[in-house]
Each structure stands twice: as C-alpha cells, then as structure tokens.
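Remarks on the structure that follows.
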Protein chains: 2
Amino acid sequence: MTSTRATLMQVAERAGVSLASTSRALHGTGASKAMVERVRAAAAELGYSADAIGRSLRMKKTSQIAFAVADIGNPVYVEMMRGIHEVLAPHGYRVVVMTTGDTATSATELVRSLNSGFVDGMILIPLRTDDRLITEIRRAPVPVVVIGRALSEHGVSSVSTDSAAGIGQAVRHVRSRGRRRIGFLNGPLDTTPGAARQRGFDAAVRADGFTADRVETEVADDFTVAAGLAAARRLFSRGAGRAERLDAVVAANDLLAIGAIRAAREAGLSVPDDVAVTGMDDTELGRVFLPSLTSVSLGSAERGHAAAGLMLGLTDDPDQPARQVAVGPELIARESTADGSPR
Amino acid sequence: MTSTRATLMQVAERAGVSLASTSRALHGTGASKAMVERVRAAAAELGYSADAIGRSLRMKKTSQIAFAVADIGNPVYVEMMRGIHEVLAPHGYRVVVMTTGDTATSATELVRSLNSGFVDGMILIPLRTDDRLITEIRRAPVPVVVIGRALSEHGVSSVSTDSAAGIGQAVRHVRSRGRRRIGFLNGPLDTTPGAARQRGFDAAVRADGFTADRVETEVADDFTVAAGLAAARRLFSRGAGRAERLDAVVAANDLLAIGAIRAAREAGLSVPDDVAVTGMDDTELGRVFLPSLTSVSLGSAERGHAAAGLMLGLTDDPDQPARQVAVGPELIARESTADGSPR
DNA sequence: GTGAAAGCGCTAACAC
DNA sequence: GTGTTAGCGCTTTCAC
C-alpha cells in the first residue's frame, strides 16, 4: 500500500547497465553470467517484479482468459470453472469471471466486449445460442470456446455433451428398475439444455415403446429447486386421479430432482420405494443428499478441462480450424433409484 | 477471430483529425459537437473499441480486482464471489479469480504477486493468518481487503463475522430444544475458522453450565462432508457405551453437519428426533437438504458486498485508514432441530 | 477547440 | 554480449 513499485528502468540504473540488458538478464536469454548476476541482485534489492500491463501491451498478450456464464452461483458452472482454472493456471493464465446475469448483459454483448482486448480468449456458456451470437463469436478478435452445443460446423470450437442421450440413459435406468409410468421434469424449453433434454426424453420413451398415457411432462420455470418443487407438485397432482401413479421422475438436472423429492415427500410418497428420481449433472448436492441422488454426469469438470485445452490450442494458433470435443454422459446409480418393489 | 481491431490512430486518420481530438471526442470532454459527431462516425465505421491494456498502462488502473481463496469450489466462497461481483461490476471492475489450492501457492505468495500490477486490489480469504501474511499485505502496492479475522488493528481492512458467537447461538438453540448432551463437530483447529469456532463452543458450554461429561468434541480432517462423516462416526461410537447418548450435534459448517446426519442415519438414529444437528454458513445445500438444516448464517453474500464496498473506498483513496466491518451471525432454525421429544 | 508530443513499462529489432 | 531506439495504444499536458 505504501511502497511504490520499481520499474525496469530503475533496476537498470541501479545495476548500471542498459534497459535492454536488464530485460534480457531477467529473462535469461543471451546475457552473460556476470550480467545476469548483477541485474538479479539489483532487482532483488529493489523488490522488482515485472509490470503485467507494460508487458501485455508490448507482447500483445494479456495472459488472461474470460469465463462467461449466466450465473456464477450455479454449482455446475463452479465445477467447470474449477476444471478450467486447473488447466489454465499452470500455463500462466488468469481467469476473469464474467456473468450475463447481474446486469442486463447478454452473451452477445459479452462476446462483443472482447473488442477491448482485456483477455486472450473466452470460454462461454450461453443459455441460448442464436445466429447473432455465432456471428459475433466468429468475428471476435480472440478465440472463443463454447461449452454447450456442438458448433464446429459453424466454425466455432466447442465442447458438447449429449444430454439428450443422457436423459435416455436415465429413462432406461428407471425402466430396468421396473418403473412403468415416468414423469419428465424439465426446465425452460427455450434454453439449449431444456430443448435438448426434451428431445432426449421424447426419443427415449418412443424407442422404449411407451404409450402416451404412461408419460407425463412438466416444465419448470427455471432450473432451480424452488421451480422444480412447484412443477413437481403439478406433476404429482396431475396424475392423482389415475389408476396408476407415476413411479419414476426423470429430472433435467439435480436441482429439479431435489425439488421433485421434496414434492414426493409432501405427497406422502417415499423415494425410491414409491417413486424413483433421477437428476442430471452429478453435483455435490446430489451426491450428499439423502437419499443420494442417481444422476447423469455430464462431466462438468471434464468439460472445463476440455474447453481449456481447446483454448490453449487456439491461443497457440488462432487460425487453426474449429475443433469440437464431446464428453459422454454417464449415469451414476445411487439410492434415489434403488431396487425395491414399487407399490 | 479474423478481423483485427482498430486503433485510436486509425480512427483519427479516418476522421481526418488529430489523435488527441479523437480521444477527447470519444470521452466527450472538451470537444466541439461537430468533432464529436465526426469522430463517432469514424469509430462506428471501423468498429472501434478502446484497448483496455493501452488505457490501463496510461491510466495506471487495470479495472480489475482479484478474489483469492483456497478453493473456489467451496459454496461459501462462491456466494461471496457473487456478492463481490454484484457490487464491483456496476463500477466497471472485472473480477479475477485466484486460488491457493491448485498449485502449492500460499496466500502470502498470492499477495506478493500483486507486485506485477495486474489488478487494482485484492479481496482475500486466507485459511490461516500469520504475521508474515499481514506484513505482506501491508506492503502490497494495491489495497487488500481480508475476509475472515478482524484485522484493522494491524492496519488491514477486513470483514469479519463472529463465528464463535454463532456457535454459541447454535448451542443455546439446541439447549432450548431440550437437548442435554452436545457433540461438537469441528474442522481443523489450525485454521482461522476452526480455532474461532472451538473458542465459541468452549465458551458457550461453560456459560451454559455444562459439565464435561455432557460434551464431546471431535475434529474432522477437513471442512467436507466426507471428513465430517468420518469424524461423526467417531463421535457417535465414542458415546455408544454411555448411559446417555448425544442428543445434539453442533457442526462447524454445513458440510460437516451433512456428514453428521449421514453418520446418525447409519447409526440408526433419527434426525431430529434422536439427535438434533446444526450447521453453519446457511448454504443452499443445507436449505434444500432433507431434513432441511438448521444453520448459523454468517452472511456470505453480505460479507462479499461489504468487502467489495471497502475495496471501492480504498481504490478511491488508498491511504485512508483501515476500516473494518462486522457481519453478525444469525441462526436460522429448520427441520434438523425441530421440536420433538428426544428419546 | 484543436494539434503536437511526451510518456506509462516493457520487449525486440537493430547496430556495434 | 551489450547498448540505443522504436513502438505497443492510450491519455494528457502544453502550445496555439
């Protein structure tokens, strides 16, 4: 707070050598041993540390990568960030967090803000992906890697996961547990995940030969526990008059699944005995819940790793063709779908 | 990716005016209306956007604040970050995430890295606070605000919370629910929170006139569910031979509390009927858990807000005296300590 | 009100 | 191997 930072110039003067030699000595490229020693000593005495901004301006490299999401509070994003950070930090990159949520900032605006050149790249998780966003990404001055939809056909590097197939895994899993009437608890359909998961559910029940009267779908306002609770209440009350009740709920993410478990509990139903529940994302929350939640892992940390890997490739060569990585979904069976004879 | 960014110089040439006028026109300070219009048009045609690095170098201001924690995966830190981000973003600050966890980086090193001048300040949550760290903070070239211990006596601005008093609230709460034999499930004692919470527990049971045979303490290896489960198993098995079993567990955070509930379940004990459980931090996890967790809120988001507020003050005037904000703990009663007659 | 020029801190040609 | 110098993009005196 009090001390002011030393500049390279001051180190040079103290060492009694030129600016260039000082810079070289500190980087260890093409300087005599004596020079290196002399400069090092001067630098140490002054507590010198190279200025990141000066260097950035000269090198045209900020050593920063932006991570842009709708809401950083979402545990899935947190895990991705952790994965991204793990890969990027050893390469000397800092991670700058940006959100679309707190202000009225859209993903497109976030991408446009790259024009101010404060980062060397951006890893973006858009809730919705439209043409305007893709156009903006393609004309961005630095590489952008998208986590979400597969976008390499549009010339955008991306990390995707087949959440539709993941929902299929969940449907088959509860089927294999002997469940016959399945409720699907989805989030908003106009979001990328919501749309994909709906497709996955529809395809899975069709493939499994479900008749329409054995399937219910309910859409929550948001991918949250509260919204899931409200929607699951509707789901359970809808089937209340029927002969056969729902004996399984496949939820589009873990938070909705927790909402469903609470709603089941309210309705006097036991999980998993009366109704099996599956989530998606394999969050810590689901893992430690009671009953622990069967969930389809979409490899959050893995996707973070992959996105960061793509980014490293792109910062090396920004003109390389767009690449795409797919991370497979994997169902992890836990207590919420444990075997037992449903009434 | 393909397009290259326009510079102020190019805008100036296109507008046919000087560099200085261009800069002024774009900032709206002391330029004629005609000039402003002319420059604006040229800038728009070129899609100009001011370079953040060039400006930073000139202004000696990066518009970035670092948020440094041990492990960004911790939900409490995530909520703080959200709070920090909410306050800082409207002021044009970006948040850079740093962790001590992923490499062998210590908090002291993180503070020392401020010498490279890539941020205008740092909000730090150290696990341990020793003299070396305080010294490093005081000689840092930019403001540092600490979330954790109250440090203004040492000339360091800080946001603290009285977690010791919070544990006291938890103890009195379970007492008021008629519980007589209390187990304290703490995390590592050589951490700032661990030490404070132990002090709080010891003081509370002493004040409440507990005799030593009515109190058990167990220390987990870490502030996690897994460590909490292991430690809680020890806690329950320790008292197994006694006449009176534990009828309450006060845990040092929500994750440990969840571990305790799992251990209770394993031991065939019902929560809250046989044993009441309290956590601390009031996390989403605890709120949605079944049974929902009684927890002492330490105002995570609020502390984030406060820290960001202090930071804004310090960036305005770095030499103002160190300030300190205390956020009071608040117990939020939920199902895990609901009334009922313990056996 | 506008322009010319200095300079923030750094690295990399380019000469010697 | 070392020194001199230009210049990354920007803002801001300083003259006019």
Side-chain angles (χ1 to χ4, degrees), chain A residues 3-40 42-43 46-64 92 113-120 141-142, chain B residues 3-40 42-43 46-64 92 113-120 141-142:
Chain A
S3 70
T4 184
R5 299 166 43 212
T7 73
L8 192 66
M9 178 71 126
Q10 290 165 16
V11 177
E13 279 170 3
R14 176 141 195 145
V17 298
S18 80
L19 198 58
S21 296
T22 311
S23 176
R24 281 190 292 252
L26 257 21
H27 282 81
T29 50
S32 68
K33 214 166 12 181
M35 175 68 83
V36 170
E37 212 151 309
R38 195 169 171 176
V39 171
R40 282 262 166 79
L46 290 155
Y48 172 78
S49 191
D51 181 76
I53 304 299
R55 172 175 284 169
S56 287
L57 184 61
R58 180 63 227 236
M59 309 273 275
K60 295 188 158 304
K61 178 171 169 45
T62 64
S63 291
Q64 299 193 144
S113 76
L114 293 173
N115 281 312
S116 68
F118 64 100
V119 287
D120 297 335
V142 294
Chain B
S3 69
T4 183
R5 298 167 43 213
T7 71
L8 191 65
M9 178 72 126
Q10 290 165 15
V11 176
E13 278 170 5
R14 176 140 195 144
V17 298
S18 79
L19 198 59
S21 296
T22 311
S23 176
R24 280 189 292 249
L26 257 22
H27 283 78
T29 49
S32 69
K33 215 168 10 182
M35 175 68 83
V36 170
E37 212 152 307
R38 197 169 172 175
V39 170
R40 281 264 166 79
L46 289 156
Y48 172 78
S49 190
D51 182 74
I53 304 300
R55 172 175 284 170
S56 288
L57 185 61
R58 178 63 227 237
M59 310 274 275
K60 295 187 159 305
K61 176 169 171 47
T62 64
S63 291
Q64 298 192 144
S113 76
L114 293 172
N115 281 311
S116 67
F118 63 101
V119 287
D120 298 335
V142 293

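A, B, ... follow the sequence lines: proteins, then strands. Residue 1 opens every chain.
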Residues in side chain to side chain donor-acceptor pair (under 3.5 Å) with [X], at least two apart?
{"X": "Thr62(A)", "result": "Asp120(A)"}
{"X": "Lys61(A)", "result": "Tyr93(A)"}
{"X": "Ser18(B)", "result": "Ser21(B)"}
{"X": "Arg55(B)", "result": "His27(B)"}

* Give the C-alpha distance, both sets of side-chain angles, the deciding distance and a yes or no for side-chain contact (heavy atoms from CB on, under 4.5 Å) between Phe118(A) and Ser56(B). => CA-CA 10 Å; Phe118(A) 64 100; Ser56(B) 288; over 6 Å; no
Would you mind reading off the distance between [X] atom [atom1] and [N] atom [atom2], rounded to a whole angstrom?
{"X": "His27(B)", "N": "dG1(C)", "atom1": "NE2", "atom2": "C1'", "answer": "18 Å"}
{"X": "Leu26(A)", "N": "dA12(C)", "atom1": "CG", "atom2": "P", "answer": "13 Å"}
{"X": "Ile53(B)", "N": "dC10(D)", "atom1": "CD1", "atom2": "C1'", "answer": "11 Å"}
{"X": "Phe118(A)", "N": "dC10(D)", "atom1": "CZ", "atom2": "C1'", "answer": "18 Å"}
{"X": "Leu46(B)", "N": "dG9(D)", "atom1": "CG", "atom2": "C1'", "answer": "15 Å"}
{"X": "Arg55(B)", "N": "dG9(C)", "atom1": "CZ", "atom2": "P", "answer": "18 Å"}
{"X": "Asn115(B)", "N": "dG9(C)", "atom1": "CG", "atom2": "C1'", "answer": "15 Å"}
{"X": "Glu13(B)", "N": "dG9(D)", "atom1": "CD", "atom2": "P", "answer": "12 Å"}

* Contact state string [nucleotides 2-8 of chain D, B base, S sugar-phosphate only, - no protein heavy atom under 4.0 Å] -> BBB-BBB
Could you tabulate the donor-acceptor pairs under 3.5 Å formed by side-chain atoms of residues 6-13 of chain B, not counting sequence neighbours?
{"residue": "Thr7(B)", "atom": "OG1", "partner": "Met9(B)", "partner atom": "N", "Å": "3.3"}
{"residue": "Thr7(B)", "atom": "OG1", "partner": "Gln10(B)", "partner atom": "N", "Å": "3.3"}
{"residue": "Gln10(B)", "atom": "OE1", "partner": "Thr7(B)", "partner atom": "N", "Å": "3.4"}

